[in-house]
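What follows is one structure encoded as structure tokens, with my remarks underneath.
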Amino acid sequence: MSVILVFLLVIAGFAGWWLSHQRLTTKPWLEQGLASDIVGFDRSALPTAKIGLGVFLAVVGCLFSLFTSAYFMRMGLSDWQPLPLPRLLWLNTGVLVLSSVALQCAVFAARKGQIDNVRLGLATAGLTALAFLVGQLVAWQQLTEDGYLLSANPANSFFYLITGMHGLHILGGLIGLGRTTAGAWNGVRPQRLRLSVELCAMYWHFLLFVWLAIFALLAGWAATFIDICRQLLT
């Protein structure tokens with residue numbers, strides 16, 4: 001239960017940081033401008049698409065928190081034999097970080113109207129995301145060749161389940177990223193392109209955070225952190 005609370009607190013912190021950057025705390029009646037600039041003040045400053053994506057990511061965060069809780073509860077039994085992490089996962093992590101950074105650069109470029117840099121950022125993010133997925137499949141192949149099969153041990157099953165679920169979310173994100181990239185090359189309206197890029201970046205940053213949490217979990221660092229928290233609370 002404490003694992004779920006810690007994970008949800010981190011998710012809440014991430015959501016709070018994101019909302020603080022979405023102009024939710026602005027006071028339009030205190031801003032100066034022409035009367036024509038005040039027409040849209042009755043509308044939400046936060047696009048509906050971002051709200052919807054935020055709710056979806058909250059649900060995904062709860063899903064992974066349940067997996068994490070189940071992982072901690074199952075690893076306490078005597079038949080648990082943790083499998084060694086392939087070194088390739090370190091490279092995959094770096095590739096996913098690069099993908100997230102590329103999308104953030106695309107966001108900055110979209111806000112400045114630099115369409116060429118937007119295209120470059122989107123293409124880089126897509127290629128690195130594909131490289132991440134390929135790297136994950138290679139890591140799976142290495143483990144199976146070394147005898148760490150899916151049904152051999154509960155630890156193996158959790159590893160394939162959690163990493164596979166994360167990979168599916170990356171694959172789903174690539175569909176949206178592909179549509180955004182196509183719009184960037186087909187001359188979609190700048191405002192619509194900017195929103196699409198921001199949504200992709202928001203999704204990608206969240207998946208990067210989830211992967212870092214998964215990596216810490218599989219490496220055993222999360223268990224050490226939880227033990228430290230329990231010692232501080234007792």
Side-chain angles (χ1 to χ4, degrees), residues 1-11 13-14 56-101 125-177 203-230:
M1 185 65 180
S2 59
V3 177
I4 296 180
L5 292 176
V6 170
F7 196 93
L8 291 179
L9 285 175
V10 177
I11 293 292
F14 179 86
F56 173 76
L57 294 183
V59 174
V60 174
C62 292
L63 174 64
F64 278 102
S65 69
L66 292 175
F67 284 148
T68 302
S69 179
Y71 183 94
F72 273 102
M73 289 188 292
R74 190 61 181 85
M75 69 183 297
L77 300 182
S78 58
D79 61 342
W80 184 270
Q81 297 178 1
L83 71 173
L85 287 185
R87 294 183 178 179
L88 183 59
L89 292 186
W90 288 92
L91 177 60
N92 294 348
T93 301
V95 170
L96 190 59
V97 170
L98 179 59
S99 183
S100 184
V101 170
L127 292 175
T128 49
L130 285 174
F132 173 81
L133 290 178
V134 172
Q136 294 295 81
L137 291 176
V138 173
W140 278 16
Q141 183 180 9
Q142 291 177 353
L143 289 173
T144 55
E145 290 177 352
D146 292 338
Y148 298 98
L149 303 178
L150 176 66
S151 58
N153 188 268
N156 301 0
S157 301
F158 269 96
F159 175 87
Y160 290 116
L161 172 64
I162 296 176
T163 57
M165 185 64 64
H166 181 267
L168 286 177
H169 283 84
I170 290 286
L171 187 61
L174 280 173
I175 298 176
L177 182 60
Y203 185 80
W204 238 248
H205 297 339
F206 178 82
L207 288 185
L208 172 61
F209 163 76
V210 170
W211 171 250
L212 293 177
I214 291 174
F215 190 79
L217 176 70
L218 298 177
W221 303 333
T224 303
F225 175 75
I226 295 297
D227 291 338
I228 294 175
C229 292
R230 287 175 178 172

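Quick note: residue numbers are just sequence positions, from 1. Because the structure is predicted, anything quoted here is derived from the model rather than measured.
Residues forming a ring pair (Phe, Tyr, Trp, His ring centres under 6.0 Å) with His169 (at least two apart in sequence, or on another chain): Phe64.
Here the side chain of Thr128 pairs no donor or acceptor atom with the backbone of Leu96 at under 3.5 angstrom. Put simply, the side chain of Asp146 never gets that close to the backbone of Tyr148: no donor and acceptor are under 3.5 Å apart. Counting only distance, with no hydrogens or angles, the side chain of Ser100 and the backbone of Val97 share no donor-acceptor pair below 3.5 Å.
From Thr68, atom OG1 reaches atom CD1 of Ile214 across 7.0 Å, with rounding to the nearest 0.5 Å. The line from OG of Ser99 to CG of Leu174 is 8.0 Å long, rounded to the nearest 0.5 Å. How far CG of Leu177 is from CG of Leu171: 11.5 Å, rounded to the nearest 0.5 Å. To the nearest 0.5 angstrom, Asn156 atom CG is 12.5 Å from Leu161 atom CG. To the nearest 0.5 Å, atoms CG (Leu168) and OG1 (Thr163) are separated by 10.0 Å. Between Leu133 atom CG and Asn92 atom CG the span is 9.0 Å, to the nearest 0.5 Å.
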Intermediate values then yes/no, side-chain contact (heavy atoms from CB on, under 4.5 Å), Phe67 and Phe158:
CA-CA 8 Å; Phe67 284 148; Phe158 269 96; 5.7 Å; no

Output, in order, the C-alpha distance, side-chain angles, deciding distance and verdict of side-chain contact (heavy atoms from CB on, under 4.5 Å) for Leu83 and Asn153.
CA-CA 9 Å; Leu83 71 173; Asn153 188 268; over 6 Å; no

For side-chain contact (heavy atoms from CB on, under 4.5 Å), just list the numbers for Trp204 and Phe209, CA-CA rounded to whole Å, side-chain angles, deciding distance to a tenth of an Å, and then say yes or no.
CA-CA 9 Å; Trp204 238 248; Phe209 163 76; over 6 Å; no

Going through the distances and angles, do Leu85 and Phe159 end up as a side-chain contact (heavy atoms from CB on, under 4.5 Å)?
CA-CA 10 Å; Leu85 287 185; Phe159 175 87; 3.9 Å; yes

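Between Trp211 and His166, the angle of the ring planes lies from 30° to 60°, which puts this pair in the tilted group.
Annotation for Leu149 and Tyr160: closest pair C-CE1, 4.0 Å, computed over non-hydrogen atoms. Across all their heavy atoms, Gly135 and Leu88 have their closest contact at O-CD2, 3.2 Å. Nearest heavy-atom pair across Ala131 and Val95 is CB-CG1, 4.0 Å. When all heavy atoms are compared, the tightest approach of Tyr71 to Leu217 is CD2-CD1, 3.5 Å. Here the closest heavy-atom approach between residue Asp79 and residue Pro154 is recorded as OD2-CG, 3.8 Å. The two residues Gln142 and Pro86 have their closest heavy-atom pair at OE1-CB, 3.8 Å.
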